[in-house]
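This report concerns only the one structure given below.
Please read all numbers here as calculations on a predicted model, not as lab measurements. Residues: numbered from 1 along the sequence shown. Indexing begins at 1, ligand by ligand and atom by atom, following the structure's order.
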Amino acid sequence: MAIPNIRIPCRQLFIDGEWREPLKKNRLPIINPANEEIIGYIPAATEEDVDIAVKAARSALRRDDWGSTTGAQRAKYLRAIAAKVLEKKPELATLETIDNGKPWFEAASDIDDVVACFEYYADLAEALDSKKKTEVKLHLDSFKTHVLREPLGVVGLITPWNYPLLMTTWKVAPALAAGCAAILKPSELASITSLELGEICREVGLPPGALSILTGLGHEAGSPLVSHPDVDKIAFTGSGPTGVKIMTAAAQLVKPVTLELGGKSPIVVFDDIHDLDIAVEWTLFGCFWTNGQICSATSRLIIQETIAPQFLARLLEWTKNIKISDPLEEDCKLGPVISRGQYEKVLKFISTAKDEGAAILYGGDRPEHLKKGYYIQPTIITDVDTSMEIWKEEVFGPVLCVKTFKTEEEAIELANDTKYGLGAAILSKDLERCERFTKAFQSGIVWINCSQPCFWQPPWGGKKRSGFGRELGEWSLENYLNIKQVTQYVTPDEPWAFYKSPSKL
Ligand SMILES: NC(=O)C1=CN([C@@H]2O[C@H](COP(=O)(O)OP(=O)(O)OC[C@H]3O[C@@H](n4cnc5c(N)ncnc54)[C@H](O)[C@@H]3O)[C@@H](O)[C@H]2O)C=CC1
Ligand code: BAL
Ligand code: NA
């Protein structure tokens, strides 16, 4: 597919089905991480705009055109959105690349996932109609009970910048499928494609207020959404510290949250791998895909001592072969990280690792041939100790740290030696061993003989400090539904006879 040359659309906030200037008229720069240039501006919402969006969402839930829709009717909107996204795929992929820095072909594949995800939740919305009301068998005949699965209400969706439109979709598609009215707050570092979703919703005639999109800063636009008393739930993906702030604020209102936070996931490689090159490639992909900015990145390589020298030698050769370039260039496999802040943060992690005594096997700096842009070489760090920051903390950049092990017990201990629990991978020919590791890994996701493939049908989420709740699959729909018990006394002519009846007049 040809990469189109594109103009950055100038948008406002998407509220109540229309484009509206933020009340305070503030805007934030859009920076292309590949050249550090300001390429446009996004509107910056504040508390006042949040309040208007919440009122519009409430009104959508009260109106028949959204609040009384069946799942089948909502499925039509979701399919229409999917079709429009597909139609605009080349432009959306380009916008994603120049906003986020990921290689264009990765962005294009994200857009395919966006389309598939909207279609998938269209199917689930339809299926919801037959599951909306389900009977619950009781042990008594004098009562009958059924359960209603109804939209939870107004939901706040706060998303990160690493898969901008895809992370938006992981939340928006199930929320709309469930019949909620959603308010999306994308990351200020990459909001363009989420705003374009607003234009798509307008084009397909999604009822006003069903989805509003408020771009802006976390503390100005995200925080008021979390603290708004008329928002029923927050679904968040992002950093641990922000997750803690959100959970703390939501707790004041006993507001449910789902949190998909960071990770420091292990990839355990045994000496009985099927093939050295295949294992090396999964190891690279597991950490360097999306420029290393994946919450589930398997950024701790735990390698069996017996195979370590030849594995690392081959890993080095493959790493040197990775094409680092402007992400719009064909065959680019590693673009810049998202921002100046992230660039400095990642380099600091590398310098601290060196200060703490680790060795840089490869990378550790900006590539010589790229003078501008937030580029960092794919970096491999060895001689790592479990007390080091590089072993413990999420880098969110193309940095892999390596530790060797002798026995299975040692490997599992190292794998679980983290406060996080999102993903974990094992590469081994021995499937019984893989099974033992699957049980022992303290994580929400396990990859066997691979790392990172991500599909929309299975559940996605973590344990420990990687958060809680599950996205994707049918699990995500449950996040946006209220389960209501309805119990009926079916013998109303018969007294309940709990209290003593006063004598009749
Ligand atoms: N788990 C993941 O997928 C991600 C993890 N990260 C990690 O987080 C680090 C910092 O990146 P940031 O973009 O600053 O992440 P962040 O967690 O602060 O931002 C994520 C989203 O939360 C919003 N937000 C920030 N403060 C908020 C608040 N007080 N209330 C409500 N919403 C708020 C942001 O505007 C953005 O939309 C990265 O270096 C990386 O380590 C970043 C992005 C994604
Ligand atoms: N494909 C992984 C999604 C994430 O990093 O959040
Ligand atoms: Na950007």
Side-chain angles (χ1 to χ4, degrees), residues 8 28-40 42 44-45 50 95-102 106 109-110 113 156-164 166-168 170 184-194 214-228 234 236-250 257 259-265 286 289-290 292-297 299 336-346 348-349 374 393-397 420 422-423 445 451-456 460-462 465-467 471-472:
I8 313 288
L28 299 166
I30 305 171
I31 295 172
N32 178 351
N35 57 20
E36 307 177 35
E37 282 169 14
I38 295 178
I39 51 173
I42 52 166
V50 170
L95 290 171
E96 201 78 299
T97 290
I98 55 189
D99 201 2
N100 163 286
K102 66 171 68 195
E106 288 188 25
S109 141
D110 287 0
D113 278 15
L157 315 175
I158 301 179
T159 55
W161 41 261
N162 56 340
Y163 290 81
L166 188 55
M167 292 302 105
T168 281
W170 282 17
L184 168 72
K185 210 304 277 172
S187 167
E188 58 275 29
L189 297 176
S191 288
I192 306 179
T193 50
S194 291
L214 303 181
T215 51
L217 297 172
H219 65 280
E220 287 185 357
S223 177
L225 189 57
V226 178
S227 303
H228 199 294
I234 295 291
F236 171 74
T237 299
S239 67
T242 301
V244 169
K245 277 189 207 159
I246 287 177
M247 196 169 161
T248 306
V257 290
L259 299 177
E260 207 268 73
L261 309 176
K264 191 80 190 178
S265 302
W289 183 37
T290 314
Q293 301 166 132
I294 319 180
C295 52
S296 54
S299 55
V337 297
I338 185 81
S339 63
R340 161 79 41 200
Q342 194 66 19
Y343 174 80
E344 283 167 2
K345 189 173 153 186
V346 174
K348 180 82 178 55
F349 270 115
Y374 309 126
E393 301 300 332
E394 178 178 56
V395 174
F396 228 71
Y420 294 112
L422 188 51
I445 303 154
S451 176
Q452 303 311 313
C454 180
F455 309 102
W456 45 92
W460 180 274
R465 284 202 227 167
S466 292
E471 298 199 281
L472 295 179

Check: Less than 4.5 Å apart, any side-chain heavy atom of Ser296 and any of Trp460?
Finding: yes
Checklist line | N/O separation below 3.5 Å, His219 to ligand 1 | finding: no
Check: Mind checking whether Thr193 and Thr168 have side chains closer than 4.5 Å, heavy atoms only?
Finding: no
Next item on the list: From the options Ser239, Ala250, Gly462, select the one whose nearest heavy atom is closest to atom 17 (O) of ligand 1.
Entry: Ser239
Next item on the list: Using a 4.0 Å heavy-atom threshold (strictly under), name the region of Thr159 that reaches ligand 1: side chain, backbone, both or neither.
Entry: backbone
Notebook entry, point to check: With a 4.5 Å heavy-atom cut-off, do Pro33 and Trp161 have their side chains touching?
Noted result: no
Next item on the list: Please report which non-hydrogen protein atom sits nearest to atom 3 (C) of ligand 2, along with the residue it belongs to and the distance in Å to one decimal place.
Entry: Met167 CE, 3.6 Å
Checklist line | Shortest protein contact, atom 2 (C) of ligand 1 (heavy atom only) | finding: Cys295 CB, 3.6 Å
Note to self: With heavy-atom distances below 4.5 Å as the criterion, would you say the side chains of Tyr420 and Glu394 are in contact?
What the structure shows: yes
Checklist line | atom 23 (C) of ligand 1 - nearest protein heavy atom and its distance | finding: Ile158 CG2, 3.6 Å
Next item on the list: Looking only at protein heavy atoms, identify the closest one to atom 6 (O) of ligand 2 and say how far it is in Å.
Entry: Cys295 SG, 2.8 Å
Notebook entry, point to check: For ligand 1, which atoms, with element, lie under 4.0 Å from some heavy atom of Lys185?
Noted result: 34 (C), 35 (O), 36 (C), 37 (O)
Next item on the list: Might you point out which heavy atoms bring Phe455 and Leu472 nearest each other, and give the distance in Å?
Entry: O-CD1, 3.4 Å
Item checked: Closest protein heavy atom to atom 34 (C) of ligand 1, given as residue, atom name and distance to 0.1 Å -> Glu188 OE1, 3.5 Å
Notebook entry, point to check: Among Leu259, Leu422, Ile445, which residue meets the side chain to side chain contact (heavy atoms under 4.5 Å, CB included) test with Ser466?
Noted result: Leu422
Next item on the list: To the nearest 10 degrees, could you say what angle the Na ion (ligand 3) makes with O of Ile31 and O of Leu189?
Entry: 160°
Checklist line | Cationic tip of Lys102 above Tyr163 ring, under 6.0 Å, 45° of axis | finding: yes
Check: Between Lys345 and ligand 1, which part of the residue brings a heavy atom under 4.0 Å of the ligand: side chain, backbone, both or neither?
Finding: side chain
Margin query: Restricting to non-hydrogen atoms, name the atom on Ile38 and the atom on Ile31 that form the minimum distance, rounded to 0.1 Å.
Written below: CG1-CG1, 4.2 Å
Check: At the 4.0 Å heavy-atom cut-off, does Phe236 count as touching ligand 1?
Finding: yes
Note to self: Using every non-hydrogen atom in the two residues, find where Glu188 and Gly218 come nearest and quote the distance to one decimal.
What the structure shows: OE2-N, 3.9 Å
Item checked: Atom indices of ligand 2, in the order listed, that fall short of 4.0 Å to a heavy atom of Ile294 -> 2 (C), 5 (O)
Next item on the list: Please examine the side chains of Val257 and Phe236, heavy atoms only from C-beta on, and report whether any two atoms are closer than 4.5 Å.
Entry: no
Next item on the list: Answer side chain, backbone, both or neither: which part of Leu261 comes under 4.0 Å from ligand 1, heavy atoms only.
Entry: backbone
Note to self: What verdict does the salt bridge (charged side-chain N to carboxylate O under 4.0 Å, His left out) test give for Lys348 and Glu344, after you've listed the backbone C-alpha separation in whole Å, the side-chain angles of each residue and the deciding distance to 0.1 Å?
What the structure shows: CA-CA 6 Å; Lys348 180 82 178 55; Glu344 283 167 2; over 6 Å; no
Check: Does ligand 1 have a heavy atom under 4.0 Å from the side chain of Pro241, from its backbone, from both, or from neither?
Finding: neither
Note to self: Under a 4.0 angstrom heavy-atom cut-off, which atoms of ligand 1 come close to Ser223?
What the structure shows: 30 (N), 31 (C)
Note to self: With the threshold set strictly below 4.0 angstrom, can you tell me whether any protein non-hydrogen atom sits that near atom 8 (O) of ligand 1?
What the structure shows: yes
Next item on the list: Provide, to 0.1 Å, the distance between atom 40 (C) of ligand 1 and the closest protein heavy atom, together with that atom's residue and name.
Entry: Phe396 CG, 3.4 Å
Next item on the list: Give the residue, atom name and distance (to 0.1 Å) of the protein heavy atom nearest atom 26 (N) of ligand 1.
Entry: Thr242 CG2, 3.4 Å
Check: With a cut-off of 3.0 Å, does Gly101 place any N/O/S atom under that distance from the Na ion (ligand 3)?
Finding: no
Note to self: Between Asn162 and Met167, is there a side-chain heavy-atom distance shorter than 4.5 Å?
What the structure shows: yes
Next item on the list: Give yes or no for whether the N/O distance cutoff of 3.5 Å, strictly under, is met between Gly238 and ligand 1.
Entry: yes
Next item on the list: Could you tell me whether some N/O pair between Asn162 and ligand 2 is separated by less than 3.5 angstrom?
Entry: yes
Check: Are Val226 and Ile158 close enough that some pair of their side-chain heavy atoms sits under 4.5 Å apart?
Finding: yes
Notebook entry, point to check: Going by the atom numbers of ligand 1, which of them fall below 4.0 Å from some non-hydrogen atom of Ser187?
Noted result: 36 (C), 37 (O)
Note to self: Among all the protein's non-hydrogen atoms, which is closest to atom 29 (N) of ligand 1, and how far away is it?
What the structure shows: Lys245 CD, 3.9 Å
Item checked: Numbering as shown, the atoms of ligand 1 that approach Pro186 to under 4.0 Å (heavy-atom distance) -> 37 (O)
Check: atom 43 (C) of ligand 1: which protein heavy atom is closest, and how many Å away?
Finding: Pro160 CB, 3.6 Å
Check: To the nearest 0.5 Å, how far apart are CG in Leu217 and OG in Ser223?
Finding: 11.5 Å
Note to self: What's the separation between atom CG in Leu28 and atom CD in Glu220, rounded to the nearest 0.5 Å?
What the structure shows: 7.5 Å
Checklist line | Distance from atom 13 (O) of ligand 1 to nearest protein heavy atom, with residue and atom | finding: Trp161 NE1, 2.7 Å
Margin query: So, 3.0 Å as the limit: is an N/O/S atom of Trp161 located closer than that to the Na ion (ligand 3)?
Written below: no
Next item on the list: Would you mind telling me if ligand 1 is within reach of the side chain of Gln342, the backbone, both or neither, using heavy atoms under 4.0 Å?
Entry: side chain
Note to self: Using a 4.0 Å cutoff against the non-hydrogen atoms of Glu260, which atoms of ligand 2 qualify?
What the structure shows: 6 (O)
Notebook entry, point to check: Within the side chain of Ser339, is there an N or O that forms a donor-acceptor pair under 3.5 Å with the backbone of Gln342?
Noted result: yes
Item checked: Side chains of Lys264 and Val395 in contact at under 4.5 Å (non-hydrogen atoms) -> yes
